[in-house]
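Here is how names work: the chains are called A, B, and so on, in the same order as the sequence lines, proteins then strands, and each is numbered from 1. Note: hydrogens, waters and symmetry copies are ignored here, and every other heavy atom, side chains too, is used.
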There are 2 protein chains.
Amino acid sequence: MSFPDSKNAPPRITSTAELARHVGLARTTVSRVLNRQPGLKPSTIERVQKAIAETGFTPNAFATLLKGKGTSSVGICMENLLTPPLLRKLATLQRQLRGQGYTSLIEVYAPGESRTILRHFLSMRVEAVVFIGHFDAGELEARIRELLRHRVVHLVIDHHGIPHANTVTLDRAQAMRKMMDHLLALGHRSFGLLGIPLDHPSHLERIHGIRAALAAQGLDLQASARSFDAQCVRAQDFEFGHALARQFLALKQPPTAYVALNDEIAIGAMRAFQEDGLAIPRDVSVTGFNNQDICTMMAPPLTTVDQQIEPTIKAAMQVLMSHLRNGLPSRPILRTIPPEVIIRQSTGRAAR
Amino acid sequence: MSFPDSKNAPPRITSTAELARHVGLARTTVSRVLNRQPGLKPSTIERVQKAIAETGFTPNAFATLLKGKGTSSVGICMENLLTPPLLRKLATLQRQLRGQGYTSLIEVYAPGESRTILRHFLSMRVEAVVFIGHFDAGELEARIRELLRHRVVHLVIDHHGIPHANTVTLDRAQAMRKMMDHLLALGHRSFGLLGIPLDHPSHLERIHGIRAALAAQGLDLQASARSFDAQCVRAQDFEFGHALARQFLALKQPPTAYVALNDEIAIGAMRAFQEDGLAIPRDVSVTGFNNQDICTMMAPPLTTVDQQIEPTIKAAMQVLMSHLRNGLPSRPILRTIPPEVIIRQSTGRAAR
DNA sequence: ACGATTTCCGGACAGGTGTCCGCGTCAAGC
DNA sequence: GCTTGACGCGGACACCTGTCCGGAAATCGT
């Protein structure tokens with residue numbers, strides 16, 4: 001009763017054969033008990049189950065899964081395990097997959113190692129592979145081709161624009177469009193972009209949205225929006241935003257509204273403005289992206305874009321389950337999730 | 001060359017037998033190539049490897065692991081996937097395990113499901129199980145007993161006080177002791193505890209540290225420290241800290257220094273004090289716990305306790321590797337990690 | 001006590017891989 | 001042309017489980 005010290009601890013049993021020997025039954029009989037097959041005397045069922053409870057026997061999953069066709073597992077490849085929105089997606093996806101009877105294999109991406117990770121997933125015979133986050137485009141495309149060749153269901157969450165890839169992603173153009181509409185309605189006409197370069201391909205979508213909103217008001221992107229990204233190295237986002245804001249403050253006529261790549265950068269900029277004696281939102285407006293918990297913890301609370309994680313994962317599950325049940329689609333699926341602008345107190349009417 | 005549309009795509013191959021048929025060799029020969037056995041002509045080796053590259057064949061891990069004794073995998077049971085410090089531990093542990101050739105199986109704890117999770121780990125024949133975070137003590141103890149019985153290496157990170165469990169944990173008593181020494185040296189003599197009840201068993205260790213620091217100055221815990229935990233429900237930590245601080249502000253003589261359970265609560269309290277017109281650290285001092293990124297993003301930056309995650313995981317890996325190589329220890333291992341107080345600008349000399 | 005029925009045994013196979021071993025084959029050396 | 005290697009073939013076994021099936025044994029009813 002009291003291990004681990006006691007000498008008469010129950011024996012370690014690692015196979016149904018050993019368990020059968022232990023209870024004095026045939027291996028097949030034990031197997032029948034484990035799989036709830038009919039035609040067994042209640043007394044023997046109970047005898048086996050008691051032995052299982054005592055010894056804590058667990059059937060070898062490898063032998064079971066070797067035989068059965070479906071492993072009921074999906075591989076999840078994460079960009080990293082530190083960015084809050086990525087983790088919220090992982091957490092809810094993992095929970096929902098479990099609810100559908102699927103086990104998750106989680107691996108973390110490292111540059112150049114995506115092939116190793118995918119081979120691991122394939123050798124574990126996962127039924128689907130999900131990528132969450134942003135990756136090297138060439139690498140990711142190569143992995144998708146591999147998955148297509150192996151007829152394994154796949155899905156990319158967030159990273160947008162991979163050919164042949166089934167994708168669920170936030171509509172970042174629409175997000176920027178809505179945010180800019182909000183700022184334009186408040187009277188702002190000159191904008192500072194924080195961490196969003198005007199020409200970099202990875203942020204093209206956001207720029208499109210910004211340009212569209214400006215164009216609707218007869219404004220030109222180059223004339224009314226400015227970006228200082230080349231000047232500052234991006235290490236810690238908070239310091240990055242802080243440094244970017246100081247660049248803008250050195251201008252003769254700084255913009256009145258600032259749109260940041262993410263919440264941390266926005267908060268770093270807010271700090272820089274406040275240190276300079278400016279009041280938010282009286283003198284300048286600042287917006288973030290992601291709607292992390294810190295947004296409400298700021299003074300003033302940060303206006304930002306919500307990623308709509310629940311709908312995103314819901315759509316992801318729909319795509320996954322549909323493909324797992326009905327087979328691969330003939331053409332790649334693209335589902336864009338409409339974002340939502342969360343207006344708080346960091347944005348207000350333009351000063352002049 | 002251009003699938004998935006092309007008709008002459010390479011065939012799907014799922015076993016060495018099929019691969020052998022495909023290249024016109026014997027299955028055993030293919031197997032020998034895969035396992036780098038000697039005595040093969042270089043030309044045939046290359047022929048097989050070319051076929052593997054073309055078809056993307058991956059040997060079935062279940063069959064391999066069914067035969068081989070060691071699975072080189074460890075199960076990691078997480079309290080949740082949302083708390084930043086837990087995730088930093090997971091991320092670094094996972095990276096280091098991979099560096100040692102181990103695969104991680106990650107599962108998320110849910111009350112009452114720990115048994116299911118452990119059975120999954122055991123059926124996957126993991127070589128070790130790691131728990132990260134705080135769990136139901138009774139449940140965790142039962143799981144540890146199960147692991148001991150199965151002679152599976154285990155380790156508990158954070159949760160302290162489980163009998164027979166190998167544990168690596170931050171010395172929370174010492175953390176509170178150091179923090180209180182810092183505040184006492186600044187002249188503070190009356191303290192508010194935020195989220196740390198005076199009598200709750202789960203926070204006993206911290207209270208010990210606080211009491212020890214007070215006793216060294218001839219002060220009594222009950223007389224000089226106060227906690228309002230029962231009055232407020234704890235949902236979001238930030239709002240919780242905010243509400244707790246308001247309780248203290250309603251007192252005739254509020255404390256001058258506040259020690260919070262974690263950073264979020266501390267920040268909520270800071271906000272409440274600042275809204276009330278108090279300056280930090282001129283009028284009140286506030287301290288947090290965890291040293292999350294947000295600490296440096298506050299105005300003023302938050303004095304807090306650093307969890308020393310790198311040393312923690314380093315110690316964890318030492319324990320794990322030692323037990324994996326040399327077998328289980330006769331007595332449970334307990335390694336406590338000395339914390340470090342990070343002094344920033346949210347603490348200063350007592351006003352009166 | 002006998003037949004009918006329930007219950008269990010034990011052999012067999014499949015699933016994919018790693019490994020061992022005897023044997024056939026082919027080419028090179030003499 | 002013969003011997004000697006080098007090399008590949010293919011059968012066999014082990015790992016563990018799930019399942020089928022014929023036969024043996026125990027149990028039950030009468």
Side-chain angles (χ1 to χ4, degrees), chain A residues 11-49 51-52 55-73 119-127 150, chain B residues 11-52 55-73 119-120 122-127 150:
Chain A
R12 289 167 63 199
I13 288 184
T14 59
S15 73
T16 51
E18 292 178 28
L19 184 61
R21 232 173 294 139
H22 184 238
V23 293
L25 287 170
R27 188 185 71 82
T28 51
T29 309
V30 171
S31 180
R32 269 195 284 267
V33 173
L34 284 170
N35 297 290
R36 290 162 177 58
Q37 288 189 5
L40 292 188
K41 217 194 302 181
S43 67
T44 53
I45 292 180
E46 200 230 7
R47 183 150 59 114
V48 173
Q49 283 180 340
I52 292 175
T55 61
F57 168 72
T58 328
N60 189 322
F62 297 123
T64 315
L65 296 177
L66 176 58
K67 184 145 194 55
K69 275 304 166 197
T71 58
S72 288
S73 66
R119 288 182 72 82
H120 177 226
F121 285 158
L122 291 176
S123 75
M124 294 293 282
R125 300 294 189 258
V126 298
E127 299 183 4
H150 286 262
Chain B
R12 286 168 63 201
I13 288 184
T14 60
S15 74
T16 50
E18 291 178 28
L19 184 62
R21 232 174 293 136
H22 184 237
V23 294
L25 287 171
R27 188 186 70 81
T28 51
T29 308
V30 170
S31 181
R32 269 195 283 269
V33 172
L34 284 169
N35 297 289
R36 290 161 177 61
Q37 286 190 4
L40 292 188
K41 219 193 303 182
S43 67
T44 52
I45 292 180
E46 200 232 8
R47 181 149 61 115
V48 173
Q49 283 179 340
K50 183 165 158 250
I52 292 175
T55 60
F57 167 72
T58 328
N60 189 324
F62 297 123
T64 314
L65 297 177
L66 177 58
K67 183 143 194 55
K69 276 303 167 198
T71 59
S72 289
S73 65
R119 289 182 70 83
H120 176 227
L122 291 176
S123 76
M124 294 293 280
R125 300 292 189 260
V126 297
E127 298 182 7
H150 284 263

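The two residues B/Ser123 and A/Pro59 have their closest heavy-atom pair at CB-O, 3.4 Å. Summarising the geometry of A/Met124 relative to B/Ala61, their closest heavy-atom pair is SD-CB, 3.7 Å, with the distance given to 0.1 Å. The two residues B/Glu127 and B/Thr71 make their nearest non-hydrogen contact at OE2-N, 3.1 Å. Taking all atoms of both residues into account, the shortest heavy-atom contact from A/Leu19 to A/Phe57 is CD2-CD2, 3.7 Å. B/Phe62 and A/Arg125 make their closest contact through CE1-CB, 4.3 Å (heavy atoms, listed as atom of the first residue, atom of the second, distance).
No hydrogens or angles were tested; on distance alone, nothing pairs the side chain of B/Arg27 with the base of D/dG8 as donor and acceptor under 3.5 Å.
Distance B/Arg36 CZ to C/dG18 C1': 15 Å, rounded to the nearest Å. Atom CD1 of A/Ile13 and atom P of D/dC16 are 13 Å apart (whole Å). The distance between atom CG of A/Leu40 and atom P of D/dT27, rounded to the nearest whole Å, is 16 Å. The CG-P distance, from A/Leu19 to D/dG18, rounds to 12 Å in whole Å. Between the C1' atom of C/dG16 and the CG atom of A/Leu122 lies a distance of 16 Å, rounded to the nearest Å. In this entry the distance linking CE of B/Met124 with P of D/dC16 reads 16 Å, nearest Å. To the nearest angstrom, P of C/dC13 lies 18 Å from CG of A/Leu66. As rounded to whole Å, 13 Å separates atom C1' of D/dC9 from atom CZ of B/Arg47.
Neither OP1 nor OP2 of D/dT17 sits under 4.0 Å from any side-chain N or O of A/Asn60. Contact between the side-chain N/O atoms of A/Ser15 and the OP1/OP2 oxygens of D/dC16 is not found at any separation under 4.0 Å. In this structure, B/Thr29 reaches the D/dC9 phosphate: one of its side-chain N or O atoms is under 4.0 Å from OP1 or OP2.
In this structure, of C/dT19, D/dG8, C/dG16, it is D/dG8 that holds the atom nearest to the side chain of B/Leu25. Counting only heavy atoms from C-beta on, B/Lys67 has its side chain closest to D/dC15 among C/dC8, D/dC16, D/dC15. Side chain of A/Ala26, nearest nucleotide from D/dC9, C/dG16, C/dG10: C/dG10.
Looking only at distances, no side-chain donor or acceptor of A/Ser31 sits under 3.5 Å from a matching main-chain atom of A/Arg27. In terms of modelled atom types and a separation under 3.5 Å, the side chain of A/His150 and the main chain of B/Gly56 share a donor-acceptor contact.
Each of A/Thr64 and B/Lys41 has a nearest nucleotide on DNA chain D; the 5'-most of these lies closest to B/Lys41. Each of B/Ser43 and B/Arg125 lies near DNA chain D, and the nucleotide nearest B/Ser43 is the one positioned closer to the 5' end.
As judged by a 4.0 angstrom heavy-atom cut-off over every strand, A/Ser31 is placed among the base-contacting residues.
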Side-chain donor-acceptor pairs of residues 36-49 of chain B under 3.5 Å, sequence neighbours excluded:
from: B/Arg36; atom 1: NH1; to: B/Leu34; atom 2: O; distance (Å): 3.4
from: B/Thr44; atom 1: OG1; to: B/Lys41; atom 2: O; distance (Å): 2.7
from: B/Arg47; atom 1: NH1; to: B/Val23; atom 2: O; distance (Å): 3.0

How would you summarise protein contacts on nucleotides 20-28 of chain C per nucleotide, using B for base, S for sugar-phosphate only and - for none, with heavy-atom distances below 4.0 Å? BB-------
